[in-house]
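All chains are named by letter (A, B, ...) in the order of the sequence lines, taking the proteins before the strands, and each is independently numbered beginning at 1.
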Amino acid sequence: MKYIPKDKWFFCPIATYLCKNKVHMENSAEQMVRVRFAPSPTGGLHLGGVRTVLFNYLFAKKYNGQFILRIEDTDQSRFVPGAEQYILDTLAWCGMTPDESPIHGGAYGPYRQSERKPMYKQYATQLIEQGNAYYAFDTAEELDAKRKEIPNFQYNRATRTGMKNSLSLPAAEVSRLLNENTPHVVRINMPDSEELVFEDLIRGEVKFDTSMVDDKVLLKADEMPTYHLAVVVDDYLMKITHAFRGEEWLPSAPVHILVWKNLFGLDQMPKWAHLPLILKPDGNGKLSKRDGDRLGFPVFAMDWSDPNTKESTIGFKERGFLPAAFVNLLAMLGWNDGTDQELFSLPTLIEKFSLDRVHKGGAKFDYEKAKWFNQEWIKQADDAYLANLVTPYFKAAKIEIHEPSYLIKVIGLVKERCQLLPDFIPQSSFFFTAPTEIDTASILPKWEEKKHCFFDELAKLYLVDYEQGQKMKSSTELEAHFKALATEQGLKPGDLMLPFRIMLVGGKFGPGVFDIVANIETQDAAKRIQYCLDLLSKN
RNA sequence: GGAGCGUUCGACUAAGGGUUAGGUCACCUCCCUUUCACGGAGGUAAUACGGGUUCGAAUCCCGUACGCUCUACCA
């Protein structure tokens with residue numbers, strides 16, 4: 001294909017033809033793909049939520065479409081300050097920038113439902129006029145009483161005649177109540193027995209019998225829409241072509257389908273895709289924040305502290321996950337590309353993503369595997385990039401970094417043994433400061449005078465080397481020197497390695513012993529040897 | 001209770017009528033490294049159950065079981 005400037009390809013018939021926009025869009029081939037993520041800003045963004053964003057984003061970008069963020073804040077009683085900003089921050093951290101949002105703007109705003117309030121009532125009125133909805137005057141108390149009285153009370157065609165609404169009351173009474181501004185809601189009028197069928201992009205054909213669904217509230221007493229009305233009206237007004245949401249929404253799909261049918265026509269309706277749930281590692285339920293607290297892993301993308309309850313919850317970001325790893329592991333929960341590949345960058349995901357490879361069944365979250373993904377991404381990550389991310393942890397641990405290039409070098413040496421960013425501290429602190437905790441217990445059993453002499457000698461030689469300007473620089477040189485000295489004294493080098501390691505790092509961990517000596521100064525090494533020797537003498 | 005959705009190793013998944021049911025994480029063994037990790041070589045381990053259809057079923061059909069989601073003037 002010849003190159004077509006991006007701003008020109010709209011006008012190029014060949015490009016339009018080749019453009020992948022039209023996949024899954026059989027009924028309206030010219031439409032631009034538009035998807036939305038529509039969270040309610042009530043708290044931290046949970047794994048499942050971020051994955052919904054991801055699939056939206058991947059799909060949109062795959063087809064050169066637009067990804068919209070719409071804030072569903074119709075429930076004023078659940079408003080939580082900061083939650084919207086948190087969502088924005090999370091998307092930014094993950095690298096999934098919306099094309100349109102409350103802060104990015106766009107041609108279909110406003111993007112907060114609370115600011116769209118005046119737009120909904122007319123649609124509710126239209127439904128009433130068409131006979132697809134009705135006024136209901138029952139108070140919350142009356143409904144509660146009803147629910148107590150009848151165990152599985154449903155407001156539906158069987159019960160609505162016994163309730164206070166414009167279907168059961170005489171017209172004059174209804175007008176009176178309306179004129180007196182009696183608080184009321186608008187409920188959908190579920191038809192008697194109609195089969196509602198739609199094609200779910202993931203599950204195929206899904207059928208519902210309207211006689212089984214109840215008369216959901218569409219417009220609340222405060223004239224705010226419920227989700228059921230808002231999702232339809234806004235998806236229509238914002239020209240959404242594909243609607244992705246969690247599987248928990250499937251049972252209310254018939255309500256939305258019916259509203260679509262009666263308001264805008266089914267041919268205007270976006271394609272639905274109900275994503276499988278992310279399940280808790282043990283048991284089978286939907287993963288909740290509680291499970292993370294209980295099992296010791298994050299569930300939210302980033303730290304969240306609730307301004308009302310003051311409760312704070314750890315996030316993947318602050319636990320030390322790389323955004324690339326987080327996105328990668330989320331993508332693999334319910335999707336794969338059909339090959340054995342598991343490591344994908346965001347651009348690769350965009351390229352490879354396909355809805356027909358999304359699973360139907362829920363996926364249990366496995367924190368161990370999540371950490372493996374992170375380790376893989378740490379291993380691939382650029383050392384300077386990691387240095388940046390890790391610096392705050394060093395500050396928190398009160399370890400001073402004098403020379404950034406030294407940090408970068410150290411990171412290259414230790415990164416393959418770190419699963420999470422904070423692991424860099426124990427894995428590399430000894431490159432900066434002498435260990436304070438020495439695992440002498442691991443030395444003592446095989447300790448002997450000969451070894452003491454050896455190390456005493458080694459320390460002296462290191463001091464000499466330092467004073468002469470550090471002639472021994474490379475780890476190979478240091479190793480050769482060490483082994484020669486050991487052999488000279490009739491000792492097996494191998495028997496000295498573990499004690500030496502412990503003297504330098506404090507325990508049985510860390511990179512190659514001579515890589516460490518080569519990076520700290522020989523004077524420093526000498527000091528550590530002496531310090532440990534003193535400790536051992538005391539035992 | 002009702003409706004809807006789902007069900008392959010412990011976990012994530014591949015295989016869409018014919019494979020010794022494959023890979024990855026975790027676990028175990030060994031090699032490398034006299035640490036840990038990385039890397040390498042092996043190992044344990046699965047088609048929920050019962051009927052069909054078929055020469056042949058994880059795969060198609062029907063039941064059953066189990067699980068989950070929903071069943072608010074919450075999303």
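- Which of C73(B), U13(B), A14(B) sits closest to the side chain of Ala221(A) comes down to C73(B).
- Sequence order on RNA chain B of the closest nucleotides to Ser40(A) and Glu479(A) puts Glu479(A) first from the 5' end.
- Of the listed nucleotides (U13(B), A3(B), U24(B)), A3(B) has the atom at the smallest distance from the side chain of Phe208(A).
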Inset, instruction - Test Tyr227(A) against His256(A) for ring pair (Phe, Tyr, Trp, His ring centres under 6.0 Å), laying out the working first. - result: CA-CA 9 Å; Tyr227(A) 175 81; His256(A) 311 143; 5.5 Å; yes

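- Distance from the side chain of His359(A) is smallest for A14(B) among the nucleotides C25(B), G39(B), A14(B).
- Of the listed residues (His359(A), Glu247(A), Arg245(A), Arg51(A)), just one forms a side chain to side chain contact (heavy atoms under 4.5 Å, CB included) with Leu275(A), and that residue is Arg51(A).
- As judged by a 4.0 angstrom heavy-atom cut-off over every strand, Val231(A) is placed among residues making no nucleic acid contact.
- With a cut-off of 3.5 Å on both pairing distances, A46(B) has no Watson-Crick or G-U wobble partner at all.
- The residue Asp138(A) sits close to a base: some heavy atom pair falls under 4.0 Å.
- Using a 4.0 Å heavy-atom distance criterion, Gly512(A) is classed as a base contact.
- Residue Asn152(A) places no side-chain N or O under 4.0 Å from the OP1 or OP2 atom of G2(B).
- Ring planes of Phe198(A) and His274(A): perpendicular class, angle over 60° (limits at 30 and 60°).
- Counting non-hydrogen atoms under 4.0 angstrom, Ile502(A) reaches nothing in the nucleic acid.
- Side-chain N/O atoms of Lys360(A) and base N/O atoms of U7(B) include no donor-acceptor pair closer than 3.5 Å.
- One finds no salt bridge joining Lys146(A) and Asp144(A) here, because no Lys/Arg side-chain nitrogen approaches an Asp/Glu carboxylate oxygen to under 4.0 Å.
- A distance of about 10 Å separates the P atoms of A48(B) and A58(B), rounded to the whole Å.
- The side chain of Arg147(A) approaches A72(B) more closely than any other nucleotide in the set C12(B), U13(B), A72(B).
- Salt-bridge formation is detected for the pair Asp282(A)/Arg294(A): a Lys NZ or Arg NE/NH1/NH2 atom is positioned less than 4.0 Å from an Asp or Glu carboxylate oxygen.
- The partner of G1(B) is U71(B), by the rule that a Watson-Crick or G-U pair needs both atom distances under 3.5 Å.
- Atom name C1', nucleotides U53(B) and G63(B): the rounded distance is 15 Å, in whole Å.
- Aromatic ring orientation, Phe500(A) versus Phe482(A): parallel (interplanar angle below 30°, classes split at 30° and 60°).
- Separation of the C1' atoms belonging to U19(B) and G2(B) is 43 Å when rounded to the nearest angstrom.
- Note on Lys379(A): every side-chain N or O is 4.0 Å or more away from OP1 and OP2 of A37(B).
- With respect to Phe326(A), the ring-ring contact (aromatic ring centres under 6.0 Å, His included) criterion is satisfied by exactly one of Phe321(A), Phe316(A), Phe373(A): Phe316(A).
- Note on Pro511(A): a base of the nucleic acid sits closer than 4.0 angstrom, heavy atoms only.
- Residue-level contact check: Gln154(A) touches the backbone only, with heavy atoms under 4.0 Å from sugar-phosphate atoms and none from bases.
- Listed nucleotides C38(B), U24(B), G6(B) differ in distance to Arg203(A); the shortest reach to its side chain belongs to G6(B).
- Taking 4.0 angstrom as the limit, Thr74(A) places a side-chain polar atom (N or O) nearer than this to OP1 or OP2 of A75(B).
- Heavy atoms of Val185(A) sit under 4.0 angstrom from at least one base atom.
- With P as the reference atom, U71(B) and U13(B) are 25 Å apart, rounded to whole Å.
- Comparing atom distances between the Arg357(A) side chain and each of A75(B), U35(B), A14(B) picks out A14(B) as nearest.
- The partner of C66(B) is G6(B), by the rule that a Watson-Crick or G-U pair needs both atom distances under 3.5 Å.
- Side-chain atoms of Arg160(A) do not come within 3.5 Å of backbone N or O of Ser168(A) as any donor-acceptor pair.
- C70(B) and U64(B) have their C1' atoms separated by 23 Å, given to the nearest Å.
- The residue Asp209(A) sits apart from the nucleic acid: no heavy atom pair falls under 4.0 Å.
- In this entry C55(B) has G18(B) as its Watson-Crick or G-U wobble partner, both defining distances falling under 3.5 Å.
- Nucleotides C9(B) and C28(B) are separated by 15 Å at their C1' atoms, to the nearest Å.
- Within the shown strands, U24(B) is the pairing partner of A11(B) under the Watson-Crick or G-U definition, both distances less than 3.5 Å.
- Contact annotation for Leu219(A): no contact, since no heavy-atom pair falls under 4.0 Å across all strands.
- Base pairing annotation: G39(B) forms a Watson-Crick or G-U wobble pair with C31(B), both donor-acceptor distances under 3.5 Å.
- Using a 4.0 Å heavy-atom distance criterion, Gly285(A) is classed as a sugar-phosphate-only contact.
- Between Lys286(A) and Thr339(A), the residue whose closest nucleotide on RNA chain B is further toward the 5' end is Thr339(A).
- In this structure, the CH2 atom of Trp249(A) is 15 Å from the P atom of U69(B), given to the nearest Å.
- Nucleotides U44(B) and U69(B) have their C1' atoms positioned 35 Å apart, rounded to a whole Å.
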Legend entry - Steps toward side-chain contact (heavy atoms from CB on, under 4.5 Å) verdict (Met332(A), Lys369(A)): CA-CA 11 Å; Met332(A) 302 312 287; Lys369(A) 184 121 190 196; over 6 Å; no

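- Residue Tyr155(A) holds its OH atom at 4.0 Å from CG of Asn165(A), rounded to the nearest 0.5 Å.
- The Glu248(A) side chain lies nearest to U69(B) when the options are U69(B), U71(B), C25(B).
- Just one residue in the list His46(A), Lys280(A), Arg290(A) forms a side chain to side chain contact (heavy atoms under 4.5 Å, CB included) with Val299(A), and that residue is His46(A).
- Out of U71(B), C73(B), A75(B), the shortest distance to the side chain of Arg78(A) is found at A75(B).
- In this structure, the nucleotide among U13(B), G10(B), A37(B) sitting nearest to the side chain of Asn336(A) is U13(B).
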Inset, instruction - Could you encode protein contacts along nucleotides 41-49 of chain B as a string, one character per nucleotide from 5' to 3', using B for base contact, S for sugar-phosphate-only contact and - for no contact, with a heavy-atom cut-off of under 4.0 Å? - result: ---------

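- Between the C1' atoms of C25(B) and A45(B), the separation comes to 14 Å (whole Å).
- Distances were taken from every side-chain heavy atom of Thr226(A) (C-beta onward) to each of G39(B), C74(B), C12(B); the shortest belongs to C74(B).
- The phosphate of C74(B) (OP1 or OP2) has a side-chain N or O of Lys220(A) nearer than 4.0 angstrom.
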